[in-house]
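Notes to accompany the following structure.
Chain naming here is simple, since letters A, B, ... match the order of the sequence lines and numbering starts at 1 in each.
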Amino acid sequence: MSQVFDLFQDFKREFVNAGYADPQDYLVKVEGAARAQLSGLIDAYLDRAPARESDEAAYGASAAAEIANALDEAVGRPAGMLPIVLPRLRKRANLRRSDLATRLATELGLAGKENRVADAYHELETGQIDAARVKQPVLEALARILGESAESLRGYGRRLGPPAPPPRSPGVVFARRAYGAKASPRSKAARPPGEWDEVDELFRGGTNREG
Amino acid sequence: MGGTRSASALSTVVDRVVVGGDPSGRGLPRGIARIRSPTTRGDRRPEPPDGLEAEDGNLNATDQRAVKGSCLGSYGQQRWDLGGAPSERPKFGKAMASFTPWTDLQIKRASDEALLAHIRAANAHGRPDLGTRACGRLLDRYEGIIKAKARNKIPWANAKDVAQEVHAQVTRAVYGDKQIDVFKAYVIGIANNIVANYHRDRKDVPDLEPLPSEHQSDDEGWGHERGEVESGYESVESRLEADSAREVLESVLASRNDAHRFVIEMFVLGAAETSARGVVAAAKAAGHAVTRQNIYKIKERFLADYEAALVAAGFGDATGTPPGPRGEVA
């Protein structure tokens, strides 16, 4: 018991001093009920622990900084947070983009159009599609594949703030991580004009209630 | 009246110095010199858009660095580096006149709820980009807690992945209209849910794709193999064990009276450096009469009872691998 409490105190000290401590470093030192006890104490402490102090060096490498940087590019854009969230959800589901597209085509009953669905998904994931125009069946299919609710995906697709201004010169090139992703070789631009198919209808045919 | 005369006089000075061709803008208040001097130097950079112009002029150097560090890192770049007639300029900065982004120091000192209000104010003024820096700092305050929670419950968890999921969900709420009374409680609630789902999602994804080690590109890469145990430690069932252990703790804590709970909260679950003397003083201030000796006894008894409750719940004893159902899966 004393060993558990000593480890617990050590964990708290490291956590406060460094802004983070890995519980596994402490849990591996005890077994059975002692380990369960230490784990329970750590979890209870974390609910009560103070927020960490701002640390410039640590912030640069943090997940929070990554999200904030991505937000800089997402605000005002019609894809909302989907370009930030979709790649992470796909990673969580251990799916390559091509695998996801194949499953998405199947879920949408578009067998044989996997390439078109892959193009459209690529554009959705890279912020080239207005998320408000994506129809519900697409979101529901994605939700099933990615383990996230369709409502949640719709929420992530909501634009943050007013529309961003369009580039003022057609010659301007922006270095964007998400929105500057390479266009798919079979992208919409490469297709003959007027070739609006059911994939376009599903990914771009919805009503944009945001105007 | 006096203000009008002052403004008029100032305008005269501006016209004399700037229009008269003083390239340095000397003789002008700093803000005005900063605004007008690029044009008067013959610099071809365009003036900032309406709304931004006056506000930029009013920002001190620290504020301007703050602005560059956040929103105008992107939009400000467009504003200064691109050409175009006034009519073509973006109107994104129109609302800026009534919103000033905080400096790093202000953000650092602000409470969670004040930061949240600041971010939402930026959004309400049509400048969500001005809130992203504050949002990043706000999320960062709880990143250590989120990561530790993930690692405590799931030994094989990628703590940064979990943190990103929590951050994304919290960000959506921050920029949405979700009512958040106590930010910390909200974040911890989200973190607990996501840690639970993380375990389920990683475990239940159908095995349709090749092993991660076969994918190397940025588009395809990911972390551990599904179910991979980091450092050879325990099985995925440990998360369930951790949750149960926490439930047992809460039940033991709930069985204590108010004074004992107060002591346990401070002396056991509080900061490591909390002194017995400090607990006595705090308890007294809260209306609980405890002595230093009492405090140590309360602590020891709580830990002993907690351990006994865990053993009774099937976690085994403190010295070896436990028998029973949990022992079989661990």
Side-chain angles (χ1 to χ4, degrees), chain A residues 1 5 9 12-13 15-16 19-24 28 31-34 36-37 39-49 51-52 54 59 62-68 71-73 75-76 81 84-85 88 91-97 99 147 155-156 160-162 164-165 168-169 172, chain B residues 73-74 82 84 88 90 92 108 123 126 128-129 132-133 135-137 139-145 147-149 151-152 155 160 163-164 167-168 171-172 175 188 201 205 208-209 215 219-220 222 226 233 241-242 245-246 248-249 269 272 303-304 306-307 310-311 315-318 320-322:
Chain A
M1 187 171 69
F5 194 69
Q9 294 290 82
K12 289 194 279 187
R13 286 191 192 95
F15 187 87
V16 168
Y20 172 69
D22 188 344
Q24 292 302 320
V28 293
E31 292 183 317
Q37 188 178 24
S39 178
L41 287 168
I42 287 174
D43 195 52
Y45 167 73
L46 290 171
D47 281 0
R48 297 156 171 84
R52 74 180 176 193
S54 180
Y59 179 71
S62 70
E66 286 181 19
I67 290 284
L71 267 182
D72 275 334
E73 298 170 2
V75 291
M81 289 180 67
I84 299 173
V85 170
R88 288 177 169 83
K91 181 182 174 187
R92 184 181 74 181
N94 271 2
L95 287 172
R96 291 184 304 172
R97 194 182 283 166
D99 294 330
Y156 280 124
L160 306 178
R168 287 174 297 177
S169 160
V172 174
Chain B
S74 54
L82 302 178
E88 298 172 334
F92 214 69
K108 187 176 179 180
N123 210 16
D129 50 322
T132 58
R133 192 168 47 95
C135 184
R137 297 295 179 166
L139 297 174
D140 184 58
R141 290 177 179 182
Y142 295 99
E143 187 158 325
I145 291 175
K147 285 179 174 178
K149 270 189 165 285
R151 294 284 297 161
N152 185 40
K160 194 167 183 178
Q164 283 177 334
H167 291 336
T171 299
R172 188 181 62 179
Y175 278 87
I188 286 178
D201 295 341
V205 172
L208 293 179
E209 65 285 346
H215 305 283
D219 172 41
E220 299 166 352
W222 46 68
R226 183 180 307 122
Y233 179 75
E241 195 170 277
R246 174 65 189 275
V248 172
L249 183 149
L269 302 176
L303 291 174
Y306 179 27
E307 185 183 330
L310 286 169
V311 172
F315 284 92
D317 59 45
T321 305

Under 4.5 Å to a heavy atom of chain A? For Leu269(B) that would be both

If one checks every heavy atom of Lys149(B) against chain A at 4.5 Å, the contacting part turns out to be both

Taken in chain and number order and not counting sequence neighbours, the residues that satisfy side chain to side chain contact (heavy atoms under 4.5 Å, CB included) with Ala65(A) are Tyr59(A), Ser62(A)

Ala163(B) meets the side chain to side chain contact (heavy atoms under 4.5 Å, CB included) criterion, sequence neighbours left out, with Ala63(A), Glu143(B), Ile146(B), Lys147(B), His167(B)

Under a 4.5 Å cutoff for heavy-atom pairs, which residue among [options] has the most contacts with chain B?
options: Ala21(A), Gly155(A), Ala44(A); value: Ala44(A)
options: Val16(A), Leu71(A), Asp47(A); value: Asp47(A)
options: Arg13(A), Arg48(A), Gln9(A); value: Arg48(A)
options: Ile67(A), Asp43(A), Leu160(A); value: Asp43(A)

Rounded to the nearest 0.5 Å, the CG atom of Leu310(B) sits from the CD atom of Gln37(A) at a distance of 6.0 Å

dist Glu66(A):CD -> Gln164(B):CD (nearest 0.5 Å) comes out at 5.0 Å

Interface check, chain A: of Leu249(B), Ile188(B), Asp140(B), most non-hydrogen pairs under 4.5 Å belong to Asp140(B)

Scored by heavy-atom pairs under 4.5 Å with chain A, the best of Thr171(B), Leu139(B), Ile145(B) is Ile145(B)

Check this for me, if you would: do Arg133(B) and Asp72(A) make a salt bridge, where the nitrogen-to-carboxylate-oxygen distance has to be below 4.0 angstrom?
no

